Amino acid sequence: MNTVAAPLDTPLAQRLQFDTQRGEVRDQDRRYLLIRPDVLMGTLRLLDDDMRACVLAAFAESAAAHGRRSIQAYVAALGPDAGDALLDLVRRTSPALGWGCWNIARRGDGLALAVANSPFAAGYGPAHQPVCAPIAGMFRTIAETVLACPVRVTETACAAMGGDATCRFVAVPAAQGVLA
């Protein structure tokens, strides 16, 4: 497998290395997995409400913790004052990973995220609660990196709940307490 790092301005689809001999997909040292969203999110449908809430919370935490590795690699390549460049890179990278189309904007002291075509909402189907926990977790890591402080993230609209086809999230500094 080619281990030479492609520059970040190279589209992710071109940076991914498909090693069929080893059965893996990588972007440098970060391994990815292709899985259908209905298979992944269908697992949650099999759980009772309490267990589902616990798994969604754990999913968000895992996405935040493990997604941090990708974000740190991006920041290392972009430089310490990467802020808006990181947001643009995430906007370009998310669709290539199948995470929908992301639009992140600064909003007051925080960030707002709109995700069109969330694979998690689509894979789950109709829901009574937000189901895009992996996006919330990843967004938390991105927001903490850009805002340089702990943040709280909430999903304010989920396409799985009907109404709006766009999932919406807001991240505010944790010190503010209340999410808008």
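This structure is a prediction, so every number in the text was calculated from the model and none was measured.
- Within the 4.5 Å cutoff, the side chain of Ile142 has no heavy atoms near those of the Leu113 side chain.
- Note that SG of Cys167 and CE of Met161 are 10.0 Å apart. Values are rounded to the nearest 0.5 Å.
- By the 4.5 Å heavy-atom criterion applied to side chains, Ser118 and Ile135 are counted as neighbours.
- Asp88 pairs by the side-chain hydrogen bond (donor to acceptor under 3.5 Å, both in side chains) definition with Arg91, Arg92, not counting sequence neighbours.
- Across all non-hydrogen atoms, the minimal contact from Leu56 to Pro130 is CD1-O, 3.9 Å.
- Taking the side chain as every heavy atom from C-beta outward, Trp102 and Leu87 never approach each other to under 4.5 Å.
- Arg26 contributes no side-chain N or O that, together with a main-chain N or O of Gln17, makes up a donor-acceptor pair within less than 3.5 Å.
- Considering CG of Leu16 and CZ of Arg31, their distance stands at 13.0 Å, rounded to 0.5 Å.
- Side-chain contact between Val170 and Thr154 is present, with heavy atoms from C-beta onward closer than 4.5 Å.
- No donor-acceptor pair closer than 3.5 Å links the side chain of Ser62 to the backbone N or O of Ala58.
- The side-chain contact (heavy atoms from CB on, under 4.5 Å) check on Ala143 picks up Leu111, Leu147, Val151, Ala171, with sequence neighbours excluded.
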Residues 64-77, side-chain donor-acceptor partners within the protein, below 3.5 Å, at least two apart:
residue: Arg68; atom: NH2; partner: Glu144; partner atom: OE1; Å: 3.2
residue: Arg69; atom: NH2; partner: Asp29; partner atom: O; Å: 2.8
residue: Arg69; atom: NH2; partner: Asp29; partner atom: OD2; Å: 3.2

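- Few gaps surround CZ on Arg106; more than 12 heavy atoms of other groups in view lie less than 6.0 Å from it.
- Between the side chain of Thr156 and the backbone N or O of Arg168, at least one donor-acceptor pair lies under 3.5 Å.
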Show your reasoning for whether side chain to side chain contact (heavy atoms under 4.5 Å, CB included) applies to Phe120 and Val115.
-> CA-CA 11 Å; Phe120 306 104; Val115 178; over 6 Å; no

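- Residues Trp99 and Pro134 meet the side-chain proximity criterion, which asks for heavy atoms closer than 4.5 Å.
- Taking 4.5 Å as the limit, some side-chain heavy atom of Val90 sits within range of a side-chain heavy atom of Ser94.
- The shortest distance between side-chain heavy atoms of Gln129 and Glu155 does not fall below 4.5 Å.
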